[in-house]
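Side chains included, hydrogens not; waters and symmetry mates left out as well; all remaining heavy atoms used.
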Amino acid sequence: MIVVAGESLIDLVPQRGGEPLPMLLPRLGGGPYNTAVALGRLGAPVTFCSRVSTDGFGEALLAGLRTAGVGTSLVQRGPEPTTLAVAAIEADGSAGYGFYVQGSADRLFELPPPLPDSVRALAFGTCSLVLEPGATAYEALLRREAGRGVFTLLDPNIRAGLIPDPDAYRARFAGWLPYVSLLKLSADDAEWLGGVPVGPAAVVLTRGGDGLTLRTRAGLEVSVPAAPVTVADTIGAGDTVNAALLHSLAARNALSADALPGLDADGWRQVLGFAARAAAVTCSRTGAEPPYASELND
C-alpha cells in the first residue's frame, strides 16, 4: 500500500479564447490528490490521507478518488469549504495559481494513528506542508512514519504566494530532509530553495522540456529526455511524475531504504523514462488528467 498525504482542492482552469475574463472550468485537483489519482489509474494499491470538506466540491473529490480506485479510509471530513485554486495558463502551457484557502477544510488535518504495517511508502507535498495548523500535523506524520522505516517521497511543489516567510520555510524544509527517502522537485523549486538539496537517498529533478535528472547520495547521476508531446497545459505533470516514480520503483521492489541504493543506472533510466512518458500524457490534456496503465508500457 502507498499512502499519499496532503490537500485536495478544486482547480478553476480558464478556457482558451482570448476573453479578458475567460470562463473557468472546475477540475478536481491538488498536488497530493493528483498523485493519489495517478497511482490509482496506474493500478497501484493507494490510499489518500487528508481532510476533505463535506460540501459539494468535497463530495466530488471523494467520488474522483473512488473512481480511480483510491482508498479513502484515512480521509477526515469537516464542514469548512473546499480550497479553490485559480489557474493562469501561459502561452507555453505552464500554469500559475492564486489560492483561496482561508478557513478551508484541508488545512485542519489532524495527525492520524500509526499507519498499518502494510504501508510501504508515504508521499507528501505542496500546500499541505505550508498551511497551518495542518502543516504541523503532516510534518509529524512524516517524521513518525519515516522513523518506523516507511519509504517517503517529498515533492515541495513550491507555491511562493502561500509562503509568508521564505527563509523560515527553507529552514523547515531542510529539517524534513533527513526523513525523506526520495525528493522530487522541479527546476523552479530548486532555484527558489537555493539549489538542489543533498541528504535524501535520491533526488529527481524535473526540467520541463529538458527531461528528468536523478542524483543519488552515492554519486550516481542519470538523465532522460522529455517525451515529445503537444502541450495543452502542465497542470498535474509533476504530480504524475511522483506517482510514476513510486509505481515504477514498487514494480522493481525498490520502495525501501535498503533496496533503493541497489538500483543501477539502467534501472533508474527505465524508472525516469516511464515517469517522462506518464507526464507527457498528462501535459497533452487540459487540467490534471493522468494516464491509465493501459496508456503506458513500463
Give a yes or no answer on whether the side chain of Thr216 reaches the backbone of Ala202 with a donor-acceptor pair at less than 3.5 Å. no

Criterion side chain to side chain donor-acceptor pair (under 3.5 Å) against Arg51, the qualifying member of Gln76, Glu7, Glu80: Glu80

Report yes or no: does Thr152 contribute a side-chain atom to a donor-acceptor pair with the main-chain N or O of Ser181 at less than 3.5 Å? yes

When you look at CG of Asp117, are more than 12 heavy atoms from neighbouring residues, nucleotides or ligands closer to it than 6.0 Å? no

Does Thr213 have any side-chain contact (heavy atoms from CB on, under 4.5 Å) partners at least two apart in sequence or in another chain, and if so, which? Arg207, Arg215, Glu221, Ser223

Looking at Gly194, is its backbone amide N or carbonyl O close enough to the side chain of Arg170 to form a donor-acceptor pair, meaning the two atoms are under 3.5 Å apart? no

For Glu132, is the CD atom crowded, meaning more than 12 foreign heavy atoms sit under 6.0 Å from it? yes

Transitive ILVMFWY side-chain link Leu193 to Leu205, under 4.5 Å: yes

Is there a side-chain contact between Pro197 and Leu183, using heavy atoms and a 4.5 Å cut-off? yes

Please verify the inter-ring angle class for Tyr169 with Phe173; under 30° counts as parallel, over 60° as perpendicular, anything in between as tilted. parallel

Check whether Arg77 reaches the backbone of Ala105 with its side chain - one donor and one acceptor, N or O, closer than 3.5 Å. no

Side-chain (Glu191) to main-chain (Asp188) donor-acceptor, under 3.5 angstrom: no

Is there a donor-acceptor pair closer than 3.5 Å between any side-chain N or O of Thr82 and the backbone N or O of Leu9? no

What's the separation between atom CG in Leu131 and atom CZ in Arg159, rounded to the nearest 0.5 Å? 12.0 Å

So, is the end of the Arg252 side chain (NZ or CZ) under 6.0 Å from the ring centre of Trp268 and within 45° of the ring's axis? no

Going by the side-chain contact (heavy atoms from CB on, under 4.5 Å) test, name the single residue among Val37, Leu39, Val3 that passes it with Val46. Leu39

Main chain of Thr286, side chain of Arg27: is a donor-acceptor contact present, judged purely on distance under 3.5 Å? yes

Check this for me: Tyr100, atom OH, are more than 12 non-hydrogen atoms of other residues, nucleotides or ligands nearer than 6.0 Å? no

Under the side chain to side chain contact (heavy atoms under 4.5 Å, CB included) criterion, do Arg120 and Asn253 qualify, and how do the steps go? CA-CA 10 Å; Arg120 298 177 63 190; Asn253 294 314; 4.2 Å; yes

Would you please test Asp106 and Val101 for side chain to side chain contact (heavy atoms under 4.5 Å, CB included) and show each step? CA-CA 9 Å; Asp106 57 89; Val101 299; over 6 Å; no

